[in-house]
Amino acid sequence: MLDRYVNLLESGEVVAFPTETVYGLGADAKNPDAIQKVFDIKGRPADNPLIVHISDPNQVKYFASEISDDAHKLMNAFWPGPLTLIFKKKPQVLDVITAGLDTVALRWPKHPLSQELLALSGPLVAPSANSSGKPSPTKAEHVKEDFGEDFPVVDAGETEIGLESTVLDISSEPYTIYRPGAVSSDAIKKIIGKDVRQDKDSSKNETAKSPGTKYSHYAPEAKVRWISSSGTTFVDDALYLLHSRPVPRKNSRVIHYEGDFNNMAHELYDRFRHADHQQLEYVFVEPFSKEQLQNPIVQALQNRISKAVS
Ligand code: AMP
Ligand code: MG
């Protein structure tokens, strides 16, 4: 079933495929022309490096110059899964992947189809399979919306998590999380017994060590706003995403997650895209409490929604 896609990848074409986080736009990690196509198709700035996806931890040593004990512990604990690790790179890793940095980002995804594809194709670079600036795709239809009906997508329905991987830099200490995701800093600390920094302000920092974090991602055309604590007046041309406070009546524009934050993460980008289809002016989101922010997926939601707001 995957033959056609593997053939395309081998001939230097790009193919979208599902992971457990979002759909990725795959290209052969050893073919610079194929990788350039990823940047062209997405309209992605050349200084935003790509994550290399692998299907076997033995492939790490082709890309990483040094694999520490902590790296082994983290790979054992969280791979395959939604954790991207940043290593010092080997000289043979293409500059087009790393945007000229001396580090490389690696992930072994968990989705069975991504594993099958990667086992046949070898390592693939794979940013999210959306036009730059659009919300990441969580369904094959989202990819086709951005890149056209005939675009090659391995279709596996909806992705499970719905938000991008945690990105952790272990190339130098202290280790830094550039992007929160389903794997939490607490879970990471537990495995390595070391503190991990959260890179809070990289979006404002031009020399950010993770260049991608300075670009505005994740946002729909509609303006995204936090609901103020003083109460809500419901307006017509808006979508409301609530999770805890009571609502007068639910309807197709007032979604209540009833504390199910995994489902909120799973659906967020689809809701954003849907708001744009309906040409809504606003998406209003209920803010999260301190207690709710203990939950890693709520931290990831907070990060993506804050970026969409700013
Ligand atoms: P995505 O567009 O979802 O694939 O995002 C990948 C993220 O990983 C972006 O924020 C990139 O800036 C970040 N990233 C990839 N490679 C590196 C690297 N070598 N150093 C720092 N951040 C990286
Ligand atoms: Mg992306």
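If you're wondering where the values come from, they're calculated on a predicted model, not measured in any experiment. Whatever order the structure lists them in is the order used to number ligands and atoms, beginning at 1.
When only interatomic distances are considered, the shortest N/O to N/O separation between Glu164 and ligand 1 does not fall below 3.5 Å. Checked by distance only, ligand 1 and Tyr178 stay at 3.5 Å or farther apart across all their nitrogen or oxygen atoms. Residue Lys42 places no N or O, backbone or side chain, under 3.5 Å from any N or O of ligand 1.
Residues His142 and Asn130 have side chains that never bring a donor and an acceptor to within less than 3.5 angstrom of each other.
Classification of Asp155 and Lys144 as a salt-bridged pair fails, no side-chain N sitting under 4.0 Å from a carboxylate O. For the pair Arg179 and Glu164, the salt-bridge criterion is not met [side-chain N within less than 4.0 Å of a carboxylate O].
Residues Leu239 and Tyr282 form no side-chain contact, since every pair of their non-hydrogen atoms from C-beta on lies 4.5 Å or further apart.
Ring orientation note: the planes of His277 and His274 are nearly perpendicular, at an angle over 60° on the 30°/60° scale.
Among the backbone and side-chain atoms of Asn130, none of the N, O or S atoms lies under 2.8 Å from the Mg ion (ligand 2).
Residue Thr103 approaches ligand 1 through these ligand atoms, each under 4.0 Å from one of its heavy atoms: 18 (C), 19 (N), 20 (N). For ligand 1 and Leu101, the ligand atoms under 4.0 Å from any heavy atom of the residue are 18 (C), 19 (N), 20 (N). Under a 4.0 Å criterion applied to the non-hydrogen atoms of Ala105, ligand 1 contributes the atoms 15 (C), 16 (N), 17 (C).
For His243 and Phe261, the gap between ring centers is short of 6.0 Å.
Ligand 1 has no atom lying under 4.0 Å from any heavy atom of Lys89. Ligand 1 lies nowhere less than 4.0 angstrom from a heavy atom belonging to Thr98.
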